[in-house]
Amino acid sequence: MDRFRMLFQHLQSSSESVMNGICLLLAAVTVKMYSSFDFNCPCLARYNALYGLGLLLTPPLALFLCGLLVNRQSVVMMEEWRRPAGHRKKDLGIIRYMCSSVLQRALAAPLVWILLALLDGKCFVCAFSNSVDPEKFLDFANMTPSQVQLFLAKVPCKEDEMVKDSPARKAVSRYLRCLSQAIGWSITLLLIVVAFLARCLRPCFDQTVFLQRRYWSNYVDLEQKLFDETCCEHARDFAHRCVLHFFSSMQSELRALGLRREPAGGIPESQEPPEPSEDLDGGSGKAHLRAISSREQVDHLLSTWYSSKPPLDLTASPRLWGPGLNHRAPVAAPGTRLCHQVDV
């Protein structure tokens with residue numbers, strides 16, 4: 001389970017190469033799903049269009065949601081859009097750039113499904129067999145309107161006794177399949193032309209805004225990721241110190257209850273063991289973490305991070321981080337008990 005979680009976190013990385021690989025993987029899965037799908041049109045006038053359009057549009061919607069789910073940047077974009085302004089103003093251009101990037105990757109697999117369905121033609125034939133104009137085909141001249149509608153509903157079912165080996169069925173099916181393939185190839189050509197123009201014409205315009213938005217969109221993603229990692233590091237260090245202080249404080253209680261045994265070396269009872277060192281895990285390298293040494297400080301830090309992001313200026317006054325969160329704040333004394341501030 002831990003390996004699966006680590007793999008999922010790796011796939012949610014902001015790396016463009018990883019996200020492009022996920023898009024290709026979803027596209028390949030889409031092709032495999034469509035090729036293994038058993039298509040069976042109901043051949044009923046009331047349900048043909050519902051079934052055909054449902055298979056044409058419902059799987060792409062599910063694939064689109066999956067594309068949003070596996071893309072970490074979609075969550076970062078929503079958080080950036082909804083966060084309070086605080087000391088850092090929100091740039092709608094960055095949010096639009098992130099939205100465009102997320103949508104481009106999320107739409108890859110749905111477009112693959114739709115194009116495969118249109119080029120195959122089965123969904124299109126099932127959905128629109130009842131919408132064909134009978135006057136375009138001479139074989140319907142001797143049928144009543146009700147017979148024509150019943151016949152058109154049976155067109156997708158070539159094994160049905162009513163339309164089996166019927167030239168009219170083959171003509172209608174061929175007409176709808178050709179129309180479906182024409183639409184599919186037209187969409188494919190349009191997408192290729194749009195991608196070609198976007199790739200070729202982009203260098204013709206000023207790249208300053210594009211580079212700025214790409215930089216800051218990556219910054220927002222990396223900043224949140226580093227904040228989460230730092231919070232995990234602080235939680236581990238804070239829990240470690242609470243446990244050490246708990247064991248240290250229990251020594252006097254054990255002595256009062258007469259449960260403490262003296263070592264064989266004969267160390268006097270009045271001699272106390274040294275307090276647990278605060279530098280077990282790195283010392284001064286974690287001073288910025290150990291300055292936050294109570295539950296109230298942690299809650300205030302998290303609240304400040306959400307409601308008032310610091311300005312993007314390292315020369316700004318430290319007061320903008322909020323009271324009590326300065327890195328020069330004193331560290332708790334070694335004998336202070338911290339474990340009572342953590343919920344059991």
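Just so it is clear, the values below take in all heavy atoms, side chains as well, and ignore hydrogens, waters and symmetry mates.
What you find for P110 and A106 is that their closest heavy atoms are CD-O, 3.1 Å. Between R82 and K90 the shortest heavy-atom distance is C-NZ, 4.4 Å. Contact record, P84 with S307: CB-O, 3.5 Å, taken as the closest heavy-atom pair. Residue R88 comes nearest to E223 through the heavy atom pair NH2-OE2, 2.8 Å, listed as atom of the first residue, atom of the second, then distance. Taking every heavy atom of both residues into account, A85 and R83 meet most closely at O-NH1, 3.3 Å. In plain terms, the two heavy atoms of Y34 and L116 that are nearest each other are OH-O, 3.9 Å.
Linking Ile, Leu, Val, Met, Phe, Trp and Tyr residues whenever their side-chain heavy atoms come within less than 4.5 Å places V31 and V29 in a single cluster. Taken together through direct or relayed side-chain contacts under 4.5 Å among Ile, Leu, Val, Met, Phe, Trp and Tyr, I187 and L189 form parts of separate hydrophobic clusters. There is a path of hydrophobic side-chain contacts, each under 4.5 Å, that joins F137 to L152. Under the 4.5 Å side-chain heavy-atom criterion for grouping Ile, Leu, Val, Met, Phe, Trp and Tyr, W216 is connected to M77 within one hydrophobic cluster. A continuous path of Ile, Leu, Val, Met, Phe, Trp and Tyr side chains, each step under 4.5 Å between heavy atoms, connects Y97 with L211, placing both in one hydrophobic cluster.
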Enumerate donor-acceptor pairs with a distance under 3.5 Å from any side-chain N or O in residues 47-67 to protein atoms, sequence neighbours excluded.
{"unit_1": "N48", "atom_1": "OD1", "unit_2": "C43", "atom_2": "N", "d": "2.9"}
{"unit_1": "N48", "atom_1": "OD1", "unit_2": "L44", "atom_2": "N", "d": "2.8"}
{"unit_1": "N48", "atom_1": "ND2", "unit_2": "A153", "atom_2": "O", "d": "3.1"}
{"unit_1": "Y51", "atom_1": "OH", "unit_2": "N40", "atom_2": "N", "d": "3.4"}
{"unit_1": "Y51", "atom_1": "OH", "unit_2": "N40", "atom_2": "O", "d": "3.1"}
{"unit_1": "T58", "atom_1": "OG1", "unit_2": "G54", "atom_2": "O", "d": "2.8"}

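Of the possible donor and acceptor atoms, one in the side chain of S74 sits under 3.5 Å from a partner among the backbone N and O of L68. Here the side chain of S308 pairs no donor or acceptor atom with the backbone of T304 at under 3.5 angstrom.
Counting heavy atoms of neighbouring residues, nucleotides and ligands inside a 6.0 Å radius, atom OH of Y175 does not exceed 12 of them. Summarising the local packing, CD of E229 is surrounded by more than 12 heavy atoms from other residues, nucleotides or ligands at distances under 6.0 Å.
Two residues are said to be in side-chain contact when any heavy atoms from C-beta on lie closer than 4.5 Å; W113 and M33 meet this criterion. Counting only heavy atoms from C-beta outward, the side chains of L301 and Q297 never approach each other to under 4.5 Å. With contacts defined as side-chain heavy-atom distances shorter than 4.5 Å, the pair K170/K158 does not qualify. Contact check for Q149 versus P145: no side-chain heavy atoms found under the 4.5 Å cut-off. The shortest distance between side-chain heavy atoms of Q73 and S217 falls below 4.5 Å. Contact annotation: the side chain of V76 approaches that of M98 to within less than 4.5 Å [non-hydrogen atoms, C-beta and beyond]. Residues R202 and F205 have side chains not in contact (no heavy-atom distance under 4.5 Å, counting atoms from C-beta outward). In this structure, the side chains of R169 and F151 come closer than 4.5 Å at one or more pairs of heavy atoms.
Put simply, CD1 on I114 and SG on C123 are 10.5 Å apart, with the number rounded to the nearest 0.5 Å. If you take NZ on K32 and OG1 on T30, they are separated by 13.0 Å, rounding to the nearest 0.5 Å. Interatomic distance, CG of D237 versus NE2 of H234, reported as 6.5 Å (0.5 Å rounding). Rounded to the nearest 0.5 angstrom, S100 OG and I95 CD1 are separated by 13.5 Å. If you take CG on L115 and CD1 on I183, they are separated by 11.5 Å, rounding to the nearest 0.5 Å. Note that CG of D221 and CD of E79 are 10.0 Å apart. Values are rounded to the nearest 0.5 Å.
A salt bridge (Lys or Arg N to Asp or Glu O under 4.0 Å) check over residues 297-307, counting only residues at least two apart or in different chains, returns the pairs R295-D299.
If you check the side chains of Q212 and T208, you find no donor sitting under 3.5 Å from an acceptor. Between S101 and R105, the side chains place a donor N or O and an acceptor N or O closer than 3.5 Å (distance only, hydrogens not considered).
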- request: Give the intermediate values and the outcome of side chain to side chain contact (heavy atoms under 4.5 Å, CB included) for residues R213 and R96.
  value: CA-CA 9 Å; R213 290 177 177 175; R96 286 194 297 267; 3.7 Å; yes

query: Yes or no on side chain to side chain contact (heavy atoms under 4.5 Å, CB included) for F39 and D120, after CA distance, side-chain angles and deciding distance?
result: CA-CA 11 Å; F39 183 86; D120 185 52; over 6 Å; no

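A disulfide bridge connects C41 to C126: their SG atoms sit within less than 2.5 Å of one another.
With sequence neighbours left out, L176 forms a side chain to side chain contact (heavy atoms under 4.5 Å, CB included) with F124, V125, F128, S129, V132, V172.
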